[in-house]
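Structure record follows, encoded as structure tokens.
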Amino acid sequence: MAEHEENPAEPPMEKVSEKIHDHDSSSSSSSDSDNEEPAAQSSVKAKIYRLFGRERPVHQVFGGGKPADVFLWRNKKISAGVLGGATAIWVLFELFEYHLLTLVCHTLILALAILFLWANAHTFIKKAPPCIPEVHLPEEPFLQIASAFRIELNHAFAVLRSIASGRDLKSFLMAIAALWVLSVVGSWCNFLTLFYIALVLVHIVPVFYEKYEDKIDPLAEKAMIEIKKQYAVFDAKVLSKIPVKAKRV
């Protein structure tokens, strides 16, 4: 009789355990679905087109240091000072037609005259003589600049050698077009004006793009798709018919 009394008590316990198991599985499946949604959103965000195929923020593209802070106006005083100084130099050399050697000589004459008179007249004016600091230029920054310039120059020579080898017609045409555009721009203005225009653009374009990149990137994607279509047509009609030197294995 005792055995018959214990058996009816088992089914309710099994039902309770089954309900707990069903609840755990449903909660785990819901948590899995919740985890899958951010992953899907992140994958969608990863597929968003970015200009020039970049995968990092604009600040990191510029190196993430002080130059990036200046170009992206993180410190407005320094950025405005750099742009204002460049503008003053351009006005002196271009509008006032000042020459670099003349400017350096006149600046040194003025500084030396003031310091010399101050050092000899401090007893009459009852002021302390000027404290002229000793200037010693460190060697390491110049070596780093020279090393970086050497690396970039060697890379440019390697690219030019690869283009001149006749293996890539697309790179050859792009290089010819870029050099032709630079020659046309150089005929319009001198090197100082070109450098000043480039500096102004570097201070304007990146910060503008960083602010409106979500609107600019879709337009850039459409433009790139259209350019690729036109290039495919040009390649099929013209470039494919030009004999090109075969690559060596």
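What you see is a predicted model; the values in this text were computed from it and never measured. The figures here come from the full heavy-atom set of this structure, side chains too, leaving out hydrogens, waters and symmetry mates.
- A heavy-atom distance below 4.5 Å is found between the side chains of Asn154 and Arg150.
- To the nearest 0.5 Å, atoms CD1 (Ile176) and CE (Met174) are separated by 12.0 Å.
- Panel note: side chain Ser187, backbone Val184; a donor-acceptor pair is recorded below 3.5 Å.
- Between Glu134 and His136, some side-chain heavy-atom pair lies under the 4.5 Å cut-off.
- Hydrophobic clustering, with ILVMFWY side chains joined whenever heavy atoms are under 4.5 angstrom apart, keeps Phe191 apart from Ile197.
- A cation-pi contact, defined as under 6.0 Å to the ring centre and within 45° of the axis, links Lys170 to Tyr231.
- Between the side chain of Ser183 and the main chain of Trp180, a donor-acceptor pair closer than 3.5 Å is present.
- Between Leu112 atom CG and Leu117 atom CG the span is 10.5 Å, to the nearest 0.5 Å.
- Distance check: Ile114 CD1 to Ile109 CD1 gives 12.0 Å after rounding to the nearest 0.5 Å.
- With rounding to the nearest 0.5 angstrom, the NE2 atom of His155 is 9.5 Å from the CG atom of Leu160.
- Residues Phe234 and Leu169 fall within the same hydrophobic cluster, defined by Ile, Leu, Val, Met, Phe, Trp and Tyr side chains chained together at heavy-atom separations under 4.5 Å.
- Summarising the geometry, atom CG belonging to Leu219 is positioned 10.5 Å from atom NZ belonging to Lys215; distances are rounded to the nearest 0.5 Å.
- At least one side-chain heavy atom of Thr193 sits under 4.5 Å from a side-chain heavy atom of Asn190.
- Annotation: the span from His203 atom NE2 to Leu72 atom CG amounts to 9.5 Å, rounded to 0.5 Å.
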>> Assess the residue pair Ile78 and Asp69 against the criterion (side-chain contact (heavy atoms from CB on, under 4.5 Å)); give the C-alpha distance rounded to whole Å, side-chain angles, the decisive distance to 0.1 Å, and a yes or no.
In response: CA-CA 9 Å; Ile78 297 178; Asp69 294 338; over 6 Å; no
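- Pairs engaging residues 74-84 under the side chain to side chain donor-acceptor pair (under 3.5 Å) rule: Arg74-Glu210 [sequence neighbours left out].
- Residue-environment remark: CD (Glu140) stays at or below the threshold of 12 foreign heavy atoms within 6.0 Å.
- Side-chain atoms of Tyr212 and Asp217 include no donor-acceptor pair closer than 3.5 Å.
- Nearest heavy-atom pair across Val202 and Pro206 is O-CD, 3.0 Å.
- Counting only heavy atoms from C-beta outward, the side chains of Met224 and Glu221 never approach each other to under 4.5 Å.
- Under the 4.5 angstrom side-chain criterion for Ile, Leu, Val, Met, Phe, Trp and Tyr, the cluster partners of Leu103 are Trp73, Leu83, Ile89, Trp90, Val91, Leu92, Phe93, Leu95, Phe96, Tyr98, Leu100, Val104, Leu108, Leu192, Tyr196, Val200, Ile204, Val207.
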